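Since this is a predicted model, take the numbers as computed values, not measurements. Proteins get letters first, then strands, A, B, ... in listed order; numbering begins at 1 in each.
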Protein chains: 2
Amino acid sequence: MESVFEIIAEPNRRAILSLLASSQQSVGDIERQLRLPQPAVSKHLRVLREAGFVESTVDAQRRLYSLKPGPLQEVDAWLAQFRRFWSAHVDALERHLDRMDQPATAKRKPRRQ
Amino acid sequence: MESVFEIIAEPNRRAILSLLASSQQSVGDIERQLRLPQPAVSKHLRVLREAGFVESTVDAQRRLYSLKPGPLQEVDAWLAQFRRFWSAHVDALERHLDRMDQPATAKRKPRRQ
DNA sequence: CACGCATATACCCAGCGGAGTATATCAAGG
DNA sequence: CCTTGATATACTCCGCTGGGTATATGCGTG
(Lines give C-alpha, C1' and ligand atoms only; values in the text may rest on other atoms or scores of the structure.)
Protein backbone atom coordinates (compact mmCIF):
# COMPACT_ATOMS: atom_id res chain seq x y z
CA MET A 1 0.00 0.00 0.00
CA GLU A 2 2.97 2.30 -0.39
CA SER A 3 2.12 4.12 -3.56
CA VAL A 4 -0.45 6.85 -3.96
CA PHE A 5 -1.82 5.01 -6.97
CA GLU A 6 -2.71 1.93 -4.98
CA ILE A 7 -4.44 4.14 -2.48
CA ILE A 8 -6.68 5.92 -4.94
CA ALA A 9 -7.40 2.61 -6.66
CA GLU A 10 -10.03 1.93 -4.01
CA PRO A 11 -13.44 3.35 -5.05
CA ASN A 12 -14.58 4.21 -1.52
CA ARG A 13 -11.36 6.06 -0.85
CA ARG A 14 -11.83 8.09 -4.02
CA ALA A 15 -15.37 8.83 -2.88
CA ILE A 16 -14.06 10.03 0.47
CA LEU A 17 -11.55 12.30 -1.23
CA SER A 18 -14.28 13.74 -3.42
CA LEU A 19 -16.44 14.41 -0.38
CA LEU A 20 -13.57 16.18 1.33
CA ALA A 21 -12.91 18.23 -1.78
CA SER A 22 -16.07 20.21 -1.06
CA SER A 23 -15.56 20.61 2.67
CA GLN A 24 -14.18 18.90 5.73
CA GLN A 25 -16.30 16.11 7.17
CA SER A 26 -16.53 14.03 10.30
CA VAL A 27 -16.32 10.25 10.20
CA GLY A 28 -20.04 10.05 10.82
CA ASP A 29 -20.76 12.39 7.92
CA ILE A 30 -18.79 10.22 5.56
CA GLU A 31 -20.33 7.08 6.95
CA ARG A 32 -23.83 8.35 6.24
CA GLN A 33 -23.14 9.75 2.80
CA LEU A 34 -21.33 6.69 1.54
CA ARG A 35 -23.51 4.16 3.38
CA LEU A 36 -20.40 2.37 4.49
CA PRO A 37 -19.95 0.65 7.86
CA GLN A 38 -18.13 2.90 10.29
CA PRO A 39 -15.08 0.63 10.77
CA ALA A 40 -14.58 0.60 7.02
CA VAL A 41 -14.63 4.39 6.94
CA SER A 42 -12.15 4.62 9.79
CA LYS A 43 -9.90 2.10 8.12
CA HIS A 44 -9.89 3.99 4.83
CA LEU A 45 -9.28 7.25 6.62
CA ARG A 46 -6.35 5.71 8.40
CA VAL A 47 -4.83 4.68 5.09
CA LEU A 48 -5.46 8.11 3.62
CA ARG A 49 -4.04 9.85 6.67
CA GLU A 50 -0.88 7.79 6.80
CA ALA A 51 -0.31 8.48 3.12
CA GLY A 52 -0.78 12.20 3.64
CA PHE A 53 -4.00 12.58 1.65
CA VAL A 54 -5.93 13.87 4.64
CA GLU A 55 -5.43 15.21 8.11
CA SER A 56 -7.73 15.23 11.11
CA THR A 57 -8.46 17.82 13.73
CA VAL A 58 -10.14 16.97 16.98
CA ASP A 59 -13.56 18.46 17.66
CA ALA A 60 -14.71 17.03 21.00
CA GLN A 61 -15.70 13.42 20.32
CA ARG A 62 -15.53 13.96 16.57
CA ARG A 63 -12.61 14.04 14.22
CA LEU A 64 -12.87 16.41 11.31
CA TYR A 65 -11.03 15.23 8.26
CA SER A 66 -9.80 17.55 5.54
CA LEU A 67 -7.78 17.21 2.36
CA LYS A 68 -4.07 17.68 2.00
CA PRO A 69 -2.83 18.37 -1.50
CA GLY A 70 0.56 16.66 -1.63
CA PRO A 71 -0.17 13.11 -2.80
CA LEU A 72 -2.71 14.17 -5.38
CA GLN A 73 -0.16 16.52 -6.84
CA GLU A 74 2.13 13.53 -7.09
CA VAL A 75 -0.43 11.82 -9.29
CA ASP A 76 -0.73 14.97 -11.31
CA ALA A 77 3.03 15.05 -11.77
CA TRP A 78 3.05 11.49 -13.06
CA LEU A 79 0.33 12.34 -15.53
CA ALA A 80 2.38 15.23 -16.84
CA GLN A 81 4.52 12.99 -19.02
CA PHE A 82 1.43 12.01 -21.00
CA ARG A 83 -0.19 15.41 -21.46
CA ARG A 84 2.03 16.32 -24.37
CA PHE A 85 1.11 13.05 -25.96
CA TRP A 86 -2.62 13.24 -25.70
CA SER A 87 -2.98 16.89 -26.54
CA ALA A 88 -1.45 16.00 -29.87
CA HIS A 89 -4.26 13.49 -30.35
CA VAL A 90 -7.38 15.09 -29.00
CA ASP A 91 -7.33 18.84 -28.87
CA ALA A 92 -10.99 19.36 -28.26
CA LEU A 93 -11.12 17.41 -25.03
CA GLU A 94 -7.98 19.07 -23.82
CA ARG A 95 -9.55 22.47 -24.24
CA HIS A 96 -12.62 21.17 -22.49
CA LEU A 97 -10.62 20.06 -19.48
CA ASP A 98 -8.79 23.34 -19.41
CA ARG A 99 -12.06 25.19 -19.22
CA MET A 100 -13.33 23.06 -16.36
CA ASP A 101 -10.03 23.60 -14.72
CA GLN A 102 -10.31 27.34 -14.50
CA PRO A 103 -12.74 29.66 -12.77
CA ALA A 104 -15.00 31.51 -15.19
CA THR A 105 -13.17 34.76 -14.60
CA ALA A 106 -9.76 33.38 -15.44
CA LYS A 107 -8.26 34.36 -18.73
CA ARG A 108 -7.11 31.67 -21.07
CA LYS A 109 -3.49 30.98 -20.60
CA PRO A 110 -1.52 27.87 -21.42
CA ARG A 111 -0.99 25.97 -18.22
CA ARG A 112 0.38 22.70 -19.45
CA GLN A 113 3.40 21.70 -21.38
CA MET B 1 -10.30 -4.53 -12.75
CA GLU B 2 -12.92 -2.26 -14.20
CA SER B 3 -11.61 1.14 -13.25
CA VAL B 4 -8.67 2.97 -14.78
CA PHE B 5 -7.40 3.64 -11.27
CA GLU B 6 -7.03 -0.02 -10.42
CA ILE B 7 -5.18 -0.50 -13.67
CA ILE B 8 -2.58 2.18 -13.07
CA ALA B 9 -2.22 1.01 -9.47
CA GLU B 10 0.15 -1.71 -10.68
CA PRO B 11 3.76 -0.44 -10.79
CA ASN B 12 4.81 -2.51 -13.79
CA ARG B 13 1.84 -1.28 -15.78
CA ARG B 14 2.77 2.31 -14.98
CA ALA B 15 6.30 1.52 -16.09
CA ILE B 16 4.97 0.13 -19.36
CA LEU B 17 2.91 3.24 -19.94
CA SER B 18 5.94 5.42 -19.27
CA LEU B 19 7.97 3.44 -21.76
CA LEU B 20 5.28 3.82 -24.38
CA ALA B 21 5.09 7.54 -23.69
CA SER B 22 8.42 7.96 -25.43
CA SER B 23 7.76 5.64 -28.35
CA GLN B 24 6.01 2.45 -29.35
CA GLN B 25 7.63 -0.77 -28.25
CA SER B 26 7.41 -4.47 -28.94
CA VAL B 27 6.69 -6.96 -26.17
CA GLY B 28 10.30 -8.05 -26.25
CA ASP B 29 11.51 -4.48 -25.87
CA ILE B 30 9.39 -4.02 -22.78
CA GLU B 31 10.39 -7.38 -21.40
CA ARG B 32 14.08 -6.47 -21.64
CA GLN B 33 13.79 -2.97 -20.27
CA LEU B 34 11.65 -3.92 -17.31
CA ARG B 35 13.35 -7.28 -16.68
CA LEU B 36 9.96 -8.87 -16.33
CA PRO B 37 9.06 -12.41 -17.46
CA GLN B 38 7.40 -12.36 -20.86
CA PRO B 39 4.07 -13.82 -19.75
CA ALA B 40 3.79 -11.10 -17.17
CA VAL B 41 4.38 -8.45 -19.82
CA SER B 42 1.79 -9.97 -22.12
CA LYS B 43 -0.72 -10.18 -19.31
CA HIS B 44 -0.23 -6.55 -18.34
CA LEU B 45 -0.49 -5.50 -21.96
CA ARG B 46 -3.70 -7.40 -22.29
CA VAL B 47 -5.16 -5.57 -19.32
CA LEU B 48 -3.96 -2.24 -20.70
CA ARG B 49 -5.30 -3.03 -24.16
CA GLU B 50 -8.74 -4.11 -22.96
CA ALA B 51 -9.00 -0.93 -20.91
CA GLY B 52 -8.05 1.21 -23.89
CA PHE B 53 -4.71 2.42 -22.58
CA VAL B 54 -2.79 0.94 -25.49
CA GLU B 55 -3.29 -0.56 -28.91
CA SER B 56 -1.18 -2.99 -30.89
CA THR B 57 -0.22 -3.20 -34.53
CA VAL B 58 1.17 -6.33 -36.11
CA ASP B 59 4.74 -6.27 -37.43
CA ALA B 60 5.49 -9.79 -38.65
CA GLN B 61 5.96 -11.92 -35.53
CA ARG B 62 6.07 -8.87 -33.31
CA ARG B 63 3.33 -6.71 -31.93
CA LEU B 64 4.08 -3.06 -31.55
CA TYR B 65 2.24 -1.42 -28.71
CA SER B 66 1.49 2.29 -28.53
CA LEU B 67 -0.36 4.60 -26.17
CA LYS B 68 -3.95 5.69 -26.47
CA PRO B 69 -4.91 8.84 -24.58
CA GLY B 70 -8.49 8.20 -23.43
CA PRO B 71 -8.15 6.48 -20.05
CA LEU B 72 -5.34 8.71 -18.85
CA GLN B 73 -7.48 11.72 -19.64
CA GLU B 74 -10.13 10.15 -17.48
CA VAL B 75 -7.70 10.17 -14.57
CA ASP B 76 -6.85 13.75 -15.37
CA ALA B 77 -10.52 14.65 -15.34
CA TRP B 78 -11.00 13.12 -11.90
CA LEU B 79 -8.00 15.04 -10.65
CA ALA B 80 -9.52 18.27 -11.91
CA GLN B 81 -11.85 18.57 -8.92
CA PHE B 82 -8.81 18.90 -6.66
CA ARG B 83 -6.69 21.33 -8.64
CA ARG B 84 -8.62 24.35 -7.46
CA PHE B 85 -8.21 23.06 -3.94
CA TRP B 86 -4.48 22.56 -3.91
CA SER B 87 -3.61 25.83 -5.56
CA ALA B 88 -5.68 27.54 -2.88
CA HIS B 89 -3.69 25.75 -0.23
CA VAL B 90 -0.30 26.87 -1.40
CA ASP B 91 -1.02 29.97 0.63
CA ALA B 92 -1.83 27.98 3.72
CA LEU B 93 1.33 25.99 3.30
CA GLU B 94 3.35 29.17 3.03
CA ARG B 95 1.81 30.57 6.15
CA HIS B 96 2.55 27.32 7.89
CA LEU B 97 6.17 27.38 6.83
CA ASP B 98 6.44 30.99 7.89
CA ARG B 99 5.29 30.07 11.36
CA MET B 100 7.76 27.22 11.60
CA ASP B 101 10.46 29.60 10.50
CA GLN B 102 10.10 31.76 13.53
CA PRO B 103 12.13 30.74 16.58
CA ALA B 104 9.94 29.40 19.35
CA THR B 105 7.46 32.15 19.99
CA ALA B 106 5.71 30.49 22.89
CA LYS B 107 3.35 27.60 22.59
CA ARG B 108 0.39 27.80 20.29
CA LYS B 109 -2.96 27.06 21.80
CA PRO B 110 -5.07 24.62 19.82
CA ARG B 111 -7.37 26.44 17.49
CA ARG B 112 -11.08 26.15 17.96
CA GLN B 113 -13.68 26.10 15.21
C1' DC C 1 -18.53 8.17 38.16
C1' DA C 2 -21.42 6.03 35.01
C1' DC C 3 -23.42 6.25 30.75
C1' DG C 4 -23.60 7.18 25.74
C1' DC C 5 -21.95 8.75 21.49
C1' DA C 6 -18.12 9.01 18.13
C1' DT C 7 -14.22 6.85 16.50
C1' DA C 8 -10.48 3.53 16.42
C1' DT C 9 -8.59 -1.11 16.55
C1' DA C 10 -8.36 -6.34 16.35
C1' DC C 11 -9.49 -10.34 14.25
C1' DC C 12 -11.22 -13.57 10.80
C1' DC C 13 -12.60 -14.66 6.26
C1' DA C 14 -13.17 -14.59 1.35
C1' DG C 15 -11.88 -12.90 -3.22
C1' DC C 16 -8.79 -11.10 -6.42
C1' DG C 17 -4.70 -10.20 -8.74
C1' DG C 18 0.12 -10.97 -9.93
C1' DA C 19 4.10 -14.14 -10.48
C1' DG C 20 5.68 -18.50 -12.12
C1' DT C 21 5.57 -22.39 -15.05
C1' DA C 22 4.07 -24.81 -18.89
C1' DT C 23 2.07 -24.82 -23.25
C1' DA C 24 -0.32 -23.02 -27.44
C1' DT C 25 -0.31 -20.08 -31.62
C1' DC C 26 1.69 -18.15 -35.49
C1' DA C 27 4.91 -16.18 -38.67
C1' DA C 28 9.35 -16.35 -41.16
C1' DG C 29 13.01 -18.93 -43.25
C1' DG C 30 15.82 -22.73 -44.47
C1' DC D 1 7.36 -29.02 -43.33
C1' DC D 2 10.34 -28.29 -39.59
C1' DT D 3 12.52 -25.27 -36.69
C1' DT D 4 13.11 -21.11 -34.32
C1' DG D 5 11.62 -16.90 -32.41
C1' DA D 6 7.90 -13.91 -30.69
C1' DT D 7 3.80 -13.56 -28.26
C1' DA D 8 -0.44 -15.21 -26.06
C1' DT D 9 -3.02 -18.19 -22.95
C1' DA D 10 -4.02 -21.64 -19.14
C1' DC D 11 -3.47 -22.90 -14.62
C1' DT D 12 -1.89 -23.00 -9.87
C1' DC D 13 -0.45 -20.74 -5.87
C1' DC D 14 0.10 -17.18 -2.54
C1' DG D 15 -0.30 -12.68 -0.38
C1' DC D 16 -2.77 -8.70 0.29
C1' DT D 17 -6.70 -6.03 1.01
C1' DG D 18 -11.41 -4.93 2.04
C1' DG D 19 -15.70 -6.10 4.54
C1' DG D 20 -17.93 -7.84 8.74
C1' DT D 21 -18.22 -8.31 13.57
C1' DA D 22 -16.84 -7.47 18.05
C1' DT D 23 -14.52 -4.68 21.18
C1' DA D 24 -11.59 -0.89 22.93
C1' DT D 25 -10.75 4.02 23.70
C1' DG D 26 -12.02 8.62 24.61
C1' DC D 27 -14.68 12.53 25.62
C1' DG D 28 -18.70 15.08 27.17
C1' DT D 29 -22.76 15.09 30.29
C1' DG D 30 -26.11 14.11 33.79
With the side chain of [X] defined as its heavy atoms from C-beta on, choose the nearest nucleotide among [options].
{"X": "A:Lys43", "options": "D:dA8, C:dA28, D:dG18", "result": "D:dG18"}
{"X": "B:Ala40", "options": "D:dA22, C:dT7, C:dA19", "result": "C:dA19"}
{"X": "B:Met1", "options": "C:dG18, D:dG19, C:dT7", "result": "C:dG18"}
{"X": "A:Pro39", "options": "D:dA8, C:dA10, C:dA28", "result": "C:dA10"}

Would you indicate, yes or no, if [N] has its OP1 or OP2 atom less than 4.0 angstrom from a side-chain nitrogen or oxygen of [X]?
{"X": "A:Tyr65", "N": "C:dA6", "value": "no"}
{"X": "B:Arg63", "N": "D:dT7", "value": "no"}
{"X": "A:Arg13", "N": "D:dG18", "value": "yes"}
{"X": "A:Arg46", "N": "C:dT9", "value": "yes"}
{"X": "B:His44", "N": "C:dA19", "value": "yes"}

Indicate the atoms forming the closest heavy-atom contact of A:Phe85 with B:Pro69, along with that distance.
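That closest heavy-atom pairing would be CE2-N, 3.9 Å.
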
Interatomic distance, [X] [atom1] vs [N] [atom2] [rounded to whole Å]:
{"X": "B:Arg32", "N": "D:dA6", "atom1": "CZ", "atom2": "P", "result": "7 Å"}
{"X": "B:Arg49", "N": "D:dT7", "atom1": "CZ", "atom2": "P", "result": "12 Å"}
{"X": "B:Glu2", "N": "C:dG15", "atom1": "CD", "atom2": "C1'", "result": "13 Å"}

Tell me what B:Glu6 touches on the nucleic acid: a base, only sugar-phosphate, or nothing, going by heavy atoms under 4.0 Å.
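No contact.
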
Are the charged groups of B:Arg62 and B:Asp29 less than 4.0 angstrom apart, N to O?
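A salt bridge is absent here (no side-chain N lies under 4.0 Å from a carboxylate O).
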
Within-4.5 Å side-chain heavy-atom neighbours: B:Val41 and B:Leu34
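Of all side-chain heavy-atom pairs linking B:Leu34 with B:Val41, none is under 4.5 Å.
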
Go through the N and O atoms of the side chain of A:Gln38 and the base of C:dA6, and report whether any donor-acceptor pair is under 3.5 Å.
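Looking at the base of C:dA6, it does not pair with any donor or acceptor on the side chain of A:Gln38 (distance under 3.5 Å).
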
Ignoring hydrogens and geometry, is there a side-chain-to-backbone donor-acceptor pair from A:Arg63 to A:Ser26 under 3.5 Å?
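Checked: no pair found.
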
